[in-house]
Undergrad: 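The following block contains the structure, expressed as structure tokens.
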Amino acid sequence: MKGVLLTQRKFIYHYKNVRWARGRNETYLCFVVKKRNSPDSLSFDFGHLRNRSGCHVELLFLSYLGVLCPGFLGSGVDGVRVAYAITWFCSWSPCSNCAHRLSRFMSQMPNLRLRIFVSRLYFCDEEDSQEREGLRCLQRAGVQVTVMTYKDFFYCWQTFVAQNQKAFKAWDDLHQNSIRLSRKLQRILQPSESEDLRDGFALLGL
DNA sequence: ATTTTCAAT
């Protein structure tokens, strides 16, 4: 799983942020794990994972965390807790169950920072979908969730794909789709105007 | 206009 680069074809197919992602019945997760042992010592690890049948890729990643982050669960050398920063790029945003599991996990791990970039939003069309609530739960747990933009696809191409010096070429509508999905995610994560008003009234004691 | 989704055949 580690050190193996994605093929160009697979990356493009699975990370394409098209509106109707027919046939993407798999999810890929490209990760970078940054480990800070001390203020002036840093190490990296990176790679990608794909979901297995019956196990979503996020939970698969959690199960590998002990391998990727030695000493993660315990304390580091000298009893000082090592700080980790994980960034991952997922072709789909997490399902409700994974989001809640991740949130709970993160709330127990103060030495871990997680940033999630997603290409497409998974089952977020319904206003009251569980997936939307799951994303808000992640946000409350301090996880940064962001829709991938051109620079993120570019970075992934450079980092996780066997690109053989071939430059990343954006597909049609990459930018427009990214903007549309970013706005959608913002609407999901931002408290609604009426909630703002309610909070405002509550503050004023009204 | 409508289309999909960490499958199930």
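Here is the naming used below: chain letters follow the sequence lines, and residue numbers restart at 1 for every chain.
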Undergrad: Atom CD of Glu131(A) to atom C1' of dT4(B): distance rounded to whole Å?
TA: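 After rounding, the reported distance stands at 13 Å.
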Undergrad: Under 4.0 Å between any heavy atoms, over every strand shown, what does Glu58(A) touch: base, sugar-phosphate, or nothing? Just pick one.
TA: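 Base contact.
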Undergrad: Between C1' on dA7(B) and CG on Asn25(A), what's the gap in Å once rounded to a whole number?
TA: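 Answer to the nearest Å: 5 Å.
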Undergrad: Can you check the distance between dA7(B) and dT3(B), where both ends of the measurement are the P atom (answer in whole Å)?
TA: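 Roughly 22 Å separates the two P atoms.
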Undergrad: How many whole angstroms separate atom CZ of Arg22(A) from atom P of dT5(B)?
TA: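 Taking CZ of Arg22(A) and P of dT5(B), I get 7 Å after rounding.
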Undergrad: Nearest whole angstrom, please: distance from the P of dT5(B) to the NE2 of His56(A).
TA: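 Those two atoms, NE2 and P, are 13 Å apart.
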Undergrad: Check every strand shown and say whether Arg120(A) touches a base, only sugar-phosphate, or nothing at a heavy-atom separation below 4.0 Å.
TA: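 Touches nothing.
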Undergrad: Report the distance from atom CG of Asp173(A) to atom P of dT4(B), rounded to the nearest whole Å.
TA: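 So the two atoms are 19 Å apart, to the nearest Å.
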Undergrad: Tyr15(A) OH to dT4(B) P: how many Å, rounded?
TA: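 The answer, rounded to whole Å, is 23 Å.
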Undergrad: Anything under 30° is parallel, anything over 60° is perpendicular, the rest tilted; go ahead and classify Phe168(A) against Phe153(A).
TA: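 Taking Phe153(A) first and then Phe168(A), their aromatic rings lie parallel (interplane angle under 30°).
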Undergrad: Does the ring of Tyr122(A) meet both stacking tests against the six-membered base ring of dC6(B): centre distance under 5.5 Å and plane angle under 30°?
TA: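 No; by the centre-distance and plane-angle rule, Tyr122(A) does not count as stacking on dC6(B).
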Undergrad: For nucleotides dT9(B) and dT5(B), find the distance between their P atoms and express it as a whole number of Å.
TA: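 It works out to 14 Å between them.
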Undergrad: When the distance from CZ of Arg19(A) to P of dA1(B) is rounded to whole Å, what number comes out?
TA: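 Atom CZ in Arg19(A) sits about 13 Å away from atom P in dA1(B).
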Undergrad: So what does Ser93(A) touch, heavy atoms closer than 4.0 Å: a base, only the sugar-phosphate, or nothing?
TA: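 It contacts base atoms.
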Undergrad: Which of parallel (below 30°), tilted (30 to 60°) and perpendicular (above 60°) describes Tyr122(A) and His56(A)?
TA: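 Taking His56(A) first and then Tyr122(A), their aromatic rings stand perpendicular (interplane angle over 60°).
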Undergrad: Consider the side chain of Phe123(A), meaning its heavy atoms from C-beta on, and name the nucleotide among dT5(B), dT3(B), dA7(B) that approaches it most closely.
TA: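 Among the listed nucleotides, the one closest to the side chain of Phe123(A) is dT5(B).
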Undergrad: Can you list the residues that meet the salt bridge (Lys or Arg N to Asp or Glu O under 4.0 Å) rule with Arg136(A), with sequence neighbours excluded?
TA: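 For Arg136(A) the salt bridge (Lys or Arg N to Asp or Glu O under 4.0 Å) partners, ignoring immediate neighbours, are Glu133(A).
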Undergrad: Could a donor-acceptor pair under 3.5 angstrom be found where the side chain of Trp20(A) meets the base of dT3(B)?
TA: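 A donor-acceptor contact between them is present.
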Undergrad: Could you give the CZ-to-C1' distance, from Arg50(A) to dA7(B), as a whole number of Å?
TA: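 It is 12 Å, rounded to the nearest whole Å.
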Undergrad: Whether Asp125(A) and Lys184(A) form a salt bridge (side-chain N of Lys/Arg under 4.0 Å from carboxylate O of Asp/Glu) is what I want to check.
TA: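 Yes, this pair counts.
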Undergrad: Is the shortest side-chain N/O distance from Asn97(A) to OP1 or OP2 of dC6(B) below 4.0 Å?
TA: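 No, because none of the side-chain N or O atoms of Asn97(A) sits under 4.0 Å from OP1 or OP2 of dC6(B).
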Undergrad: Determine the interatomic distance between C1' on dC6(B) and the same-named atom on dT2(B); round to the nearest Å.
TA: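 Nearest-Å result for dC6(B) against dT2(B) at atom C1': 25 Å.
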Undergrad: Could you tell me if Arg24(A) sits above the aromatic ring of Tyr13(A), with its cationic atom closer than 6.0 Å to the ring centre and no more than 45 degrees from the axis?
TA: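 Yes.
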